[in-house]
Amino acid sequence: MLIIRTKAELRAMTQDWRRAGESIGVVPTMGALHAGHLSLVDRACAENDRVIVTLFVNPKQFNNPEDLAKYPRTEDSDAEKLTPYGADILYVPDGAQMYPEGFATTVSVTGVSEGLCGGARPGHFDGVATVVTKLFLQTDADRAYFGEKDYQQLQVVTRLAEDLDLKTEIVGCPTIREEDGLAMSSRNLRLAKGPREIAPVIAQVLDDAARVISRGGQVAQALDNARAALLSAGFDTIDYLELRSDPDLKLMTRADRPGRLFLAAWLDGVRLIDNVPVAGLASVPTRKDHPLEPA
Ligand code: AMP
């Protein structure tokens, strides 16, 4: 695997591949790679002749300078982890490659970017949309791989690729979890031992709420119970816990179509996010259909 740091060198490689008629997959990351990222790389390698993994901690998508400063930077071990997978290039541009002096363009997606992380982190999805548009163009990718772990991001990127007529097809991949259910994240490294043991409560609480809702339980009640369970487990604050439609991410108060539960919560000064699917009920049942469920 080659490590490339400039757009010009990257372009020379992709032009050679194109002349040979080869397809290109890209996996955008901010590094501190774990099995979640590697599952995307594995899939990209299976579906494309050539694969580029990008590593760039994008300052434009951090609304909190402290969060940006604390973000783990582990390029050497990232390169080592990628070695067995068969990616061709690890592309590691610096800030000047991505945002040279005078850079003045923002890609901004409305609709799916509003609320959830878009509400809690102003400017976050403009930063994401701008950097991924640049990465798609720089890598000349046919396919780009994104995790469902960041489900709103996946929908924002899917929307922008369609709206801007980009040739890059967006491929969503399932969330990879630790054995105890915690969704893998580079941020998990920042949890001390005690909070790390509390963190899997997120997955348990989301699964429980999704089960209750998909059996016809009241959405508001299920969400209240989930919030109470998180706070009593030791979470400090909950940025949001909401049921949204899939894939357009409209707020739902009844499970009358397929949706997802979305959560962002703070534990030990670390912001954790997760989401799970909720099967839609063909018609929301009345209490008569489920006499044992609370009203
Ligand atoms: P990041 O480095 O956090 O920007 O993530 C890079 C890509 O990896 C994004 O598409 C994420 O959605 C994806 N990703 C991160 N964690 C996971 C996970 N646990 N399972 C699947 N994909 C993930």
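Ligands are counted one by one from 1 in listed order, and the atoms in each one are counted from 1 as well.
- Distances below 4.0 Å separate heavy atoms of Met30 from the following atoms of ligand 1: 1 (P), 2 (O), 4 (O).
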Report task. Let me see the working for Phe136 and Ile170 under side-chain contact (heavy atoms from CB on, under 4.5 Å), right down to the final yes or no. Result -> CA-CA 10 Å; Phe136 293 170; Ile170 309 304; 3.7 Å; yes

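- Taking the six-membered ring where the residue is Trp, Phe56 and Tyr99 present tilted rings, their angle falling between 30° and 60°.
- Heavy-atom separations between His34 and ligand 1 include at least one value shorter than 4.0 Å.
- Of the N or O atoms in His37, one or more lie within a sub-3.5 Å distance of an N or O in ligand 1.
- With Ile170, Ile176, Thr29 as candidates, the residue nearest to atom 20 (N) of ligand 1 on a non-hydrogen basis is Ile176.
- The distance from ligand 1 to the heavy atoms of Met184 drops below 4.0 Å at these ligand atoms: 16 (N), 17 (C), 18 (C), 19 (N).
- Here the protein heavy atom with the shortest distance to atom 10 (O) of ligand 1 is Gly147 N, 3.0 Å.
- The closest non-hydrogen atom to atom 3 (O) of ligand 1, taken over Tyr151, Tyr71, Phe146, comes from Tyr71.
- Ile238 and Leu272 fall within the same hydrophobic cluster, where Ile, Leu, Val, Met, Phe, Trp and Tyr residues are linked whenever their side-chain heavy atoms come under 4.5 Å apart, directly or through other members.
- Enclosure of atom NZ in Lys167 by more than 12 non-hydrogen atoms of other residues, nucleotides or ligands within 6.0 angstrom is indicated.
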Query raised in the report: How far apart are the C-alpha atoms of Arg159 and Asp248, what are their side-chain angles, what is the distance that settles it, and do they pass the salt bridge (Lys or Arg N to Asp or Glu O under 4.0 Å) test?
Result: CA-CA 10 Å; Arg159 188 76 255 160; Asp248 53 352; over 6 Å; no

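- Just one of Glu169, Glu47, Arg43 meets the side chain to side chain donor-acceptor pair (under 3.5 Å) condition when paired with Tyr145; it is Glu47.
- Per-residue contacts place Thr175 under 4.0 angstrom from the following atoms of ligand 1 (heavy atoms of the residue considered): 20 (N), 21 (C).
- Annotation: atom 9 (C) of ligand 1 to nearest protein heavy atom, Gln153 NE2, 3.8 Å.
- Among the atoms of Asp150, some N or O lies under 3.5 angstrom from an N or O of ligand 1.
- Residue-level proximity to ligand 1 for Leu154 is absent, since no heavy atom of it falls below 4.0 angstrom.
- Near Pro28, with a cut-off below 4.0 Å to any heavy atom, the atoms of ligand 1 are 6 (C), 7 (C).
- Asn225 and Gln221 are linked by a side-chain donor-acceptor pair at a separation below 3.5 angstrom, with hydrogens and angles left out of the test.
- Within ligand 1, the atoms closer than 4.0 Å to a non-hydrogen atom of Leu40 are 7 (C), 8 (O), 10 (O), 13 (C), numbered from 1 in the order shown.
- Residue Arg18 qualifies as enclosed at atom CZ: its count of foreign heavy atoms under 6.0 Å is above 12.
- Looking at Lys149, Arg187, Arg177, Arg260 one by one, the single match for salt bridge (Lys or Arg N to Asp or Glu O under 4.0 Å) with Asp274 turns out to be Arg177.
- When non-hydrogen atoms are compared, ligand 1 lies under 4.0 Å from the backbone of Pro174 (N, CA, C, O) but not from its side chain.
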